[in-house]
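Report on the following structure.
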Amino acid sequence: MFEPSDKPRLFGVACGIDFPHAIKEGILSRFGTDAPELLARTEVFVNTSRMKRDLIAAFDDGTTRLLPRIRLVTELSNDFRFRDVRMPVSGLRLRLELSQLVAHFLDNRPNFAERSAVYGLADTLALLLGEMHDEAVTYDILSNLKLENTSDHWREALEFLKIVKDIYDRDSDIPPLVEERMRTVVDRLGDLWAKSEPTHPILVVGSTGSRGTTARFMELVARLPQGAVVQPGVDFEMPQHVWDRLADPTIYGQMQDHPQERIVRLATHLGLTKRDVIPFFETDPPSEDRNKILSLALRPAPVTDDWMTEGPKLKGVLQACENLTLIEAQDPRREATSVALILRKAAEDGTRAALITPDRDLARQVCAMLDRWGIDPDDSAGEPLNQTPAGRLFRLISNLFGRQITAQDMIVLLKHPLVARGDIADESKRGIHLLWTRQLEVHLRRKSVAFPTKDKMIEWAKKAGKASNDMDDRMAWATWISDLLAPAAGVGTRSLSAHLDHAMALASGLASGPSGFDDSPLWDNLSGREMRRVMDELMREAKWGADMTPFEFDDMFRAVVGRAMSRDPTPKHPNVMIWGTLEARSLQADLVIVGGMNDGIWPSQPKPDPWFSREMRKDAGLLSPEQMIGLSAHDFQQAFGAREVVISRAIRDAEAETVPSRWVIRLTNLLHGMSDEGMQALRDMRARGVQWTQWATLLDQPDPARDVMELAKRPSPRPPIDARPRSLSVTRIETLIRDPYAIYASKILGLYKLAPLNTTPDPRDRGNAFHDIMERFVDKYVSGETGSDAALRLLSLTDEVLNETVVWPTERRIWRSRMQKIAHRLASREVERLATGGNVGLEKDGRIVLSNIDFTLTCQADRIDRMDGGGYHIFDYKASIPPTQKDAKTFRIQLLLEALILQDGSFDDIAQGNVRCVSYLGLDKELKVTQIDIDADIVADVRRKLTALISNYDKPETGYTARRAPKFNSFPSDYDLLSRFKEWTEADTASGEDMQ
């Protein structure tokens, strides 16, 4: 196949050329009159499964011939000749073993990292050990690392790595790492070939040799009599002086961030020069001139002065850039929509198009956009397992262990599409399950149940079951849920196997439903089978894991499931693809969209290494961040050579303005400054991009003729008189004054805001708790009690009430601390107050009927005391600052209305009498009190104002205006969505409307 040569063979394929097709044609063109069976003996090693698939497809062109043996480089380890080499340890077992070492390390070095980072550190450590074997960095190198002028963190990390060295030294009985075994296989293969060189052709294609073991194998193949290495994306336009600078680091230092640096390094290591690297198959790239432009733009920083001399000499720039588009969208959504529109147009025209991006968020958004047109792209990455139904269910389950289940946890679980799917033959049972789940959700929201216990579930089932005549079935359903989920709260530290068994049992029970006999819906799809594979592997390797707390298990489990992918093998759209950056090497697309071209995405930010600093990695001989940037630059250069190219980026992300990728900056700067032709080409590129972003904007805009709705006017509904409320509580009178629309929505329409499922403590909860504390304190007052004794009793009652009524441990401590700060002053004040009079009622209900307007006013007074000398004193507790006197007489007239009821109406077990004063008692740190002395004129004025207020709303022309006089304009109302607030303002005139 190859002519005899005393030099290693290193070929290249230029950017933009269909790589698999070039490999096929290059191989066939070299056979000539060779025996046809030689093709079948030819071995072709590739670096990715997609490259293998594409190369096989290239040979399968309808002609009759024997095919070469196409294998992955990693399949070398499966060669029967090396069956005596011990099989490697599984990646999961290695990480579980390392997590035990890391856990012990953090116990002794708690300042090194958080305890929750155990599995994350074990994962990075496994990657580091694999990289050390890949790059032939021995453990002995750790002893020679210099750590002068460095932090204690790196010293501690190195100390720990030396312990790992002692455990994973080859003298131990631990199976080798995957990378270690691969290195051993390649070394053994080199020894075999040194003794007996193979006579059949062997090629390595598509790999740049970025990893040490792969580079070693490529070197062995290149030196064989019939061996060759074919590299993708070779820049044949690069001048000799640039090659020399890349080949000799002593000139300007290593320039590993250049896209051609790895190719030049391999050639130099093989003793080859630039002219020795020739095209594997002679064919022209789609745009040779465009390749020249990018080659110049990506020159190493020390020679970018070439722009000044070579830039103006470039000809045909407009023609080279006529199929080049630059999209600079305002935000990620606009970028995704623009890309989706381009792919849609390509599908419509029958053009083979691919989005190449490392940004999975962009890829998912584009997939969602394409779904609106029924286009299912061929996504090479697949779907992360933790985002599939099965993966989400197991993530929810692992998060339950060790904590009391909340209402949100329960409802999210019960609504999961895989729950209660056991009886497939009777779909109605799933419908009933969902119906009861929604009814339970409404109940939990209305009652603000933070933690639905079994007793509360049974209580709901009985009450709801009586109304719908299905109490037995509901109780069985509620019992199934409670019994299944309740044990998760008591989970403590236990073995990994126990955690996994519990998770499997929970998943099976939830999927089976109340019948509990069929969990097959959990596993009978692609994502379910992948989830089962992951669980089987975890259970198989669980013995290598240590005992774990529930939270450590959750961290580990999420990391394992998050790394797995679920790939759907069903046929996708043949002309629309989404690729990762490695797929750019295949480049089997006429239109390529290079997406997410922002710094931090392409190239990505280097991942933090908690074990080796940058200098330590350099001294040890490990991969540098600059080398990874160079590989990304190489992928971009290959994608840029396609027939038609679109570069897209978002100017802003969710937080701030973004920075363009360094390669976009270089390209635009070169075009802008090289010549008038280059500047015009840049303007045209941007103009084409603006057209797509404008179309994307139009796609999201409503159609003025069909979709645009008129802005709502400030509502002031006028319901019939007989529908208007004839009874309100004293607290709702303030609402009627400030926001009458809220009374209309709640009392007439019967609409009430439901509490969120993820109930969190708010000022109302603190107020309820403090009210309860004060009620018990006053109720248990004993005559003659001292202030100190009362303070101790107050704190004891505080603990009692908070433990009974507050379910949030953090808030219990915070609120207890607040009460402790004011306990002595508050208790002394209340003891003095009670000693001079005496309490006659706590939480007493009262009412008054205003017969002249047919209206009933109700209340529940916090506290009523009898004053020394006669008369009553009404109190209302405020957990924060009480209202001012002006506010208490104008809007917050709750206590004035209670005084009216006590004097002219009735209270339970309290005789009518004069009210001498009312007080708002603040339970804040200042213990402020707002007191209003009451006389007959004040009570008469309150009655008159109340009568006038209600009478006004008994007039047909009076409407319930939205947000009539809110206390704070910025505070939302529960009914702002209903009134369509924000389409109008408080300054707008209310629009009355008669309601039927």
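Heavy atoms only: backbone and side chains are in, while hydrogens, waters and symmetry mates are out.
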query = Atom CH2 of Trp695 and atom CG of Asp700: how far apart are they, to the nearest 0.5 Å?
reply = 15.5 Å
inquiry  = My understanding is that only one of Arg299, Lys313, Arg245 makes a salt bridge (charged side-chain N to carboxylate O under 4.0 Å, His left out) with Asp306; could you say which?
reply    = Arg299
request  = Look at Arg617 together with Glu131 and state whether they make a salt bridge at an N to O cut-off of under 4.0 Å.
outcome  = yes
task = Would you mind checking if Arg364 and Asp359 are paired as a salt bridge, meaning a charged N to carboxylate O distance below 4.0 Å?
result = no
ask   = Does CZ belonging to Arg69 count more than 12 external heavy atoms closer than 6.0 Å?
value = yes
ask   = Do the ring planes of Trp602 and Phe636 sit parallel (below 30°), tilted (30 to 60°) or perpendicular (above 60°)?
value = perpendicular
ask   = Are side-chain N/O atoms of Ser624 and Gln256 paired as donor and acceptor at under 3.5 Å?
value = yes
task = Identify whether the distance between the nearest side-chain nitrogen and carboxylate oxygen of Arg688 and Glu322 falls below 4.0 Å.
result = no
task = Please list, chain by chain and in numerical order, all residues satisfying ring-ring contact (aromatic ring centres under 6.0 Å, His included) with Phe280, sequence neighbours excluded.
result = Phe11
key: Salt bridge Glu43-Arg71, side-chain N to carboxylate O under 4.0 Å   = yes
ask   = Salt-bridged, Asp379 to Lys572, with N to O below 4.0 Å?
value = no
request  = Identify whether the distance between the nearest side-chain nitrogen and carboxylate oxygen of Asp331 and Arg652 falls below 4.0 Å.
outcome  = no
message = Check this for me: Met628, atom CE, are more than 12 non-hydrogen atoms of other residues, nucleotides or ligands nearer than 6.0 Å?
response = no
inquiry  = Check this for me: does any side-chain nitrogen of one of Arg211 and Asp134 sit under 4.0 Å from a carboxylate oxygen of the other?
reply    = yes
task = Could you tell me whether the side chains of Gln637 and Gln260 share a donor-acceptor contact shorter than 3.5 Å?
result = yes
message = Pair Arg686, Glu328 - check salt bridge (Lys or Arg N to Asp or Glu O under 4.0 Å), show working.
response = CA-CA 8 Å; Arg686 284 185 164 138; Glu328 295 172 310; 3.1 Å; yes
ask   = Sequence neighbours excluded, which residues qualify as ring-ring contact (aromatic ring centres under 6.0 Å, His included) partners of Trp373?
value = none
key: Polar contact flag, side-chain donor to acceptor under 3.5 angstrom, Gln365-Asp361   = no
ask   = Are Asp276 and Arg9 ion-paired here, with the side-chain N under 4.0 Å from a carboxylate O?
value = no
Qualifying side-chain hydrogen bond (donor to acceptor under 3.5 Å, both in side chains) pairs, either residue in residues 281-296, two or more places apart = Asp235-Ser295
ask   = Going by atom types alone, do Asp653 and Thr658 pair a side-chain donor with an acceptor below 3.5 Å?
value = no
